[in-house]
Amino acid sequence: MSYNPALNAVLLCTRTSNLENSTYDLYSIPQKDSGSQNKETDSKRSSGVTAVWVARNRFAVLDRANQLVIKNFKNEVTKKIQTPVCDEIFYAGTGMLLLREPEHVTLFDVQQLRSLAQVKIAKCKYVVWSTDMSHVALLAKHTLNICNRRLDLLCSIHESARIKSGAWDESGVFIYTTSNHIKYAIINGDHGIIRTLDLPIYITRVKNSQVFCLDRECRTRLLTIDTTEYKFKLALINRKYEEVLHMVRNARLVGQSIIAYLQQKGYPEVALHFVKDEKTRFGLALECGNIEVALEAAKAMDDKQCWERLAQSALMQGNHQVVEMCYQRTKNFDKLSFLYLITGNLEKLKKMNKIAEIRKDVSAQYQGALLLGDVAERVSILKNCKQTSLAYLTAKTHGLEEDAAQMAEEFAAEGKDLPEVSKDAKFLRPPVPIQQAESNWPLLTVSKGFFEGTMMSRGATTVHQALAPTEMVAEAAEEEDGWGVDDDLHDADRYEDAKDDDEAKPGEGGEGAGWDVGDDDLELPEELISKISASNAAGNKNFFAAPPKGHLPSHFWTMNSQLAADHVRAGSYDSACRLLNDQVGVVNFAPYKELFMESYVASKTSYSSLPHVTSLSAHPNRNWKELNPKNGHPTLAFKLNDLVQNLQACYQLTTTGKFIEAIEKLQNIILCIPLLVVETRQEIAEAQQLLTICREYVVGLQMETVRKTLPKNTLDEQKRICELAAYFTHVNLQPVHQILTLRTALNLFFKLKNYKTAASFARRLLELGPRPEVAQQARKILQACEMNETDEHTLHYDEHNPFTLCAVTYKPIYRGKPEEKCSLCSASYQPAYKGVTCAVCKVAEVGKDVIGLRITASQFK
């Protein structure tokens, strides 16, 4: 409800007339904090009168007898309301009141005359609503309760000192004061101290890092607070990891308290970014499974206990190379030998046998011989240990006849009887390893989280940076049929990459004052209300209504969302097609069939319950934390990061000249973009940028494919080929590909003896900074062209007049000329092609009037 000074003046006059102890201020500001004065103030307030707006032309008054009445502008009583026993009322929105009872606060609907919700809080003194009325803070003497609009308790905080005041900041955090501190409270229950106070203050408003408040003398004061800590926690809660990473790198958050908080909340990988203590880093790294960081910390500390913990953790992940290093550092020879056995590394196992011999560890030496299957070594060890009987039996059983005969002679010389060899004895030998594990075991593939990926590759964490081609793509430039078939001026030239250049609010609407809908004035007569209640009671006496059949969660997906992606996941293809047609003008849905089926199949999960029982299915939601199926939204079928990775593959295909494959993949990305679901405005901008990149590449590559199929017999045909090559240089490509287009156009125009235009291409090529060989060749051509800077043939190409290309005729549409746009990819067309299906995306209609791309729920508000 908007603020109206005239209405508030009327209310103020109404409340102060004949009221000695009226309390209309949000906070009382006593001069002293003595207990007697507080009790006196409380008693006066309880005996006073409270008035609260409930509509634009009515207000509720709680008089001295605790009777709740509704009055109009003339201070006339229009309705008397029987309410629970209460001693104070607070504003709760249009038609709503909060009633303070001794042990509870009740949400009361003035229109329906009933209590909607209740929360337990003793002696609530102040009520502070957030700006959007979605949350409310209930302040008692030592207790702070934060609830949602329906009075569901979100968190409760107890303070030893008295709570003085509070206000909501713009990010949805409640800032409150006690006698000696300014504190914060987040709706998930996290709270902490912002700063200390010399004297108590009373907050009136919080904006950014400034607190507007009053002191004991009722003087206005402006305090500056550090919001880093609670904004850091809020970003973690809302999963805004980009903001978290920025704050970790730029803010001073180092401290044991923040480290303990991150460990408690399950974010040890975040703490690794700024923890310097090696012991703490080691514990955090093991907790989040980062073996690389744990290994660095263990090397720095070089502690036996740390090496043992690291070996155990690495073994669980199958990283036996780190396990080997740990066992070597701790000299754990037994475990090291067994590790070599299970990894099939017999050479190192033989070395362990030699080490055991040097250490004179006969037991380890004999065990190593057993594991290796070295019978001769076992016989030798037993003989040296004076275990001649076992040595003889081992040699005889395993077919070492010479050793057995030699020991038989020794037995005979000593007058001893030969041990009897069992007839059932078998030749035992351990199996030979099928494959020796040189690298770590591929037991489990764990995807890197946001923060772990950031640690591995700093500087390429955002989607915006990933839109540029990677070095791997640039280095993959090879001279194939796709590129350079016209570049025969220098046989040794090979195409390589250039240096990569680092590169609304939702509408608000509502009913204005001009609409006289009369919702606030509509009241049902009390007689009618009683008759309705009586008829309902009588009708329900002997009647049983079976509960209706429930709906699948996917039923609510289409009701809760206007995004085409959610309708596809729910299997509602008709509504999804209508949304795509209205939003981006899709008229050809055949290419979407495979994407629709893939998305729908992946929206459900199946799991087993009991033996011999059919598997059960479930519909997972992406907002599962809300625990309300009726407000659910399906999981994401396509993600922006995955499409960016596909774009990288398209870059590589373009570099290697595989234009047909690149065009197919780029068109598939364009089809997936309307099926995205993103959260922020930045992601919307990145998706639109991705769509623009794909459109430019498809138009350019399709034109280049057409150019290569044109004959070169006549002069007109050669001129047309040169025109298309010139147009290709104006397509917005990445620098690595822009260089290739300029080299192709430079060679064709030089052969056609259009030296003036060729010189222009050479200058543009040199501005992009190609590799030295290419630059040297371009300078030579430029010198030759400058000696005779004329064009022998006239072409339909004006490099100084900005233009866009028609995606069908591949002719320029100069600025100011009429043109039509594809409703999905915004490809340009001449007016004659209005109404046809786009040749770039293959699905949308050219020139159709549409709403526009909608991939986030905030765009519908």
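Every heavy atom of this structure was used, including side-chain atoms; hydrogens, water molecules and symmetry mates were not.
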> What's the verdict on side chain to side chain contact (heavy atoms under 4.5 Å, CB included) for Ile89 and Arg100, showing C-alpha distance, side-chain angles and the deciding distance?
Replying inline: CA-CA 6 Å; Ile89 60 175; Arg100 184 181 73 179; over 6 Å; no

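- In this structure, the side chains of Pro200 and Arg216 come closer than 4.5 Å at one or more pairs of heavy atoms.
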> Passes side chain to side chain contact (heavy atoms under 4.5 Å, CB included), Lys125 versus Lys164? Steps please.
Replying inline: CA-CA 10 Å; Lys125 292 183 176 296; Lys164 296 292 185 180; over 6 Å; no

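- Looking at Arg195 and Asp226, no side-chain N of the basic residue comes within less than 4.0 Å of a carboxylate O on the acidic one, giving no salt bridge.
- With no hydrogens or angles considered, no side-chain donor-acceptor pair links Thr227 and Ser209 at under 3.5 Å.
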> Should Thr106 and Leu98 be marked as a side chain to side chain contact (heavy atoms under 4.5 Å, CB included) after you check the CA-CA gap, both sets of side-chain angles, and the distance that decides it?
Replying inline: CA-CA 6 Å; Thr106 303; Leu98 287 179; over 6 Å; no

>> Between Glu217 and Arg219, does the salt bridge (Lys or Arg N to Asp or Glu O under 4.0 Å) criterion hold? Intermediate values first, please.
In response: CA-CA 5 Å; Glu217 285 74 28; Arg219 292 177 302 187; 3.6 Å; yes

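- Considering only heavy atoms from C-beta on, Phe59 comes within 4.5 Å of Asn75 through its side chain.
- How far OH of Tyr184 is from CG of Leu234: 10.5 Å, rounded to the nearest 0.5 Å.
- Looking at heavy atoms from C-beta onward, Val127 lies out of side-chain contact with Leu139 at the 4.5 angstrom threshold.
- Note on ring orientation: taking the six-membered ring where Trp is involved, the planes of His158 and His142 are tilted (angle from 30° to 60°).
- Here OG1 of Thr856 is found 5.0 Å from CD1 of Ile684. Values are rounded to the nearest 0.5 Å.
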>> One pair to check against side chain to side chain contact (heavy atoms under 4.5 Å, CB included): Leu99 and Val105. What are the steps and the verdict?
In response: CA-CA 6 Å; Leu99 310 181; Val105 171; over 6 Å; no

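- By the salt bridge (Lys or Arg N to Asp or Glu O under 4.0 Å) test, Glu683 is found to be paired with no residue, residues two or more places apart in sequence or in another chain being considered.
- Cys86 SG to Leu62 CG: the interatomic distance, rounded to the nearest 0.5 Å, is 5.0 Å.
- The shortest side-chain heavy-atom distance between Val61 and Val77 does not fall under the 4.5 Å cut-off.
- Looking only at distances, no side-chain donor or acceptor of Asp109 sits under 3.5 Å from a matching main-chain atom of Leu113.
- In this model, no donor atom of one side chain and acceptor atom of the other lie less than 3.5 Å apart for Tyr230 and Asp190.
- Using a cutoff of 4.0 Å between basic side-chain nitrogens and carboxylate oxygens, Lys183 and Glu159 are scored as salt-bridged.
- Considering CD1 of Ile201 and OG1 of Thr177, their distance stands at 5.5 Å, rounded to 0.5 Å.
- Within the 4.5 Å cutoff, no side-chain heavy atoms of Tyr91 are placed close to those of Val54.
- A donor and an acceptor atom, one from each side chain of Thr78 and Asn72, are nowhere located under 3.5 Å apart.
- Ring geometry for Trp168 against His135 counts as tilted: the plane angle lies between 30° and 60°, on a 0 to 90° scale.
- Between Leu97 and Val110, some side-chain heavy-atom pair lies under the 4.5 Å cut-off.
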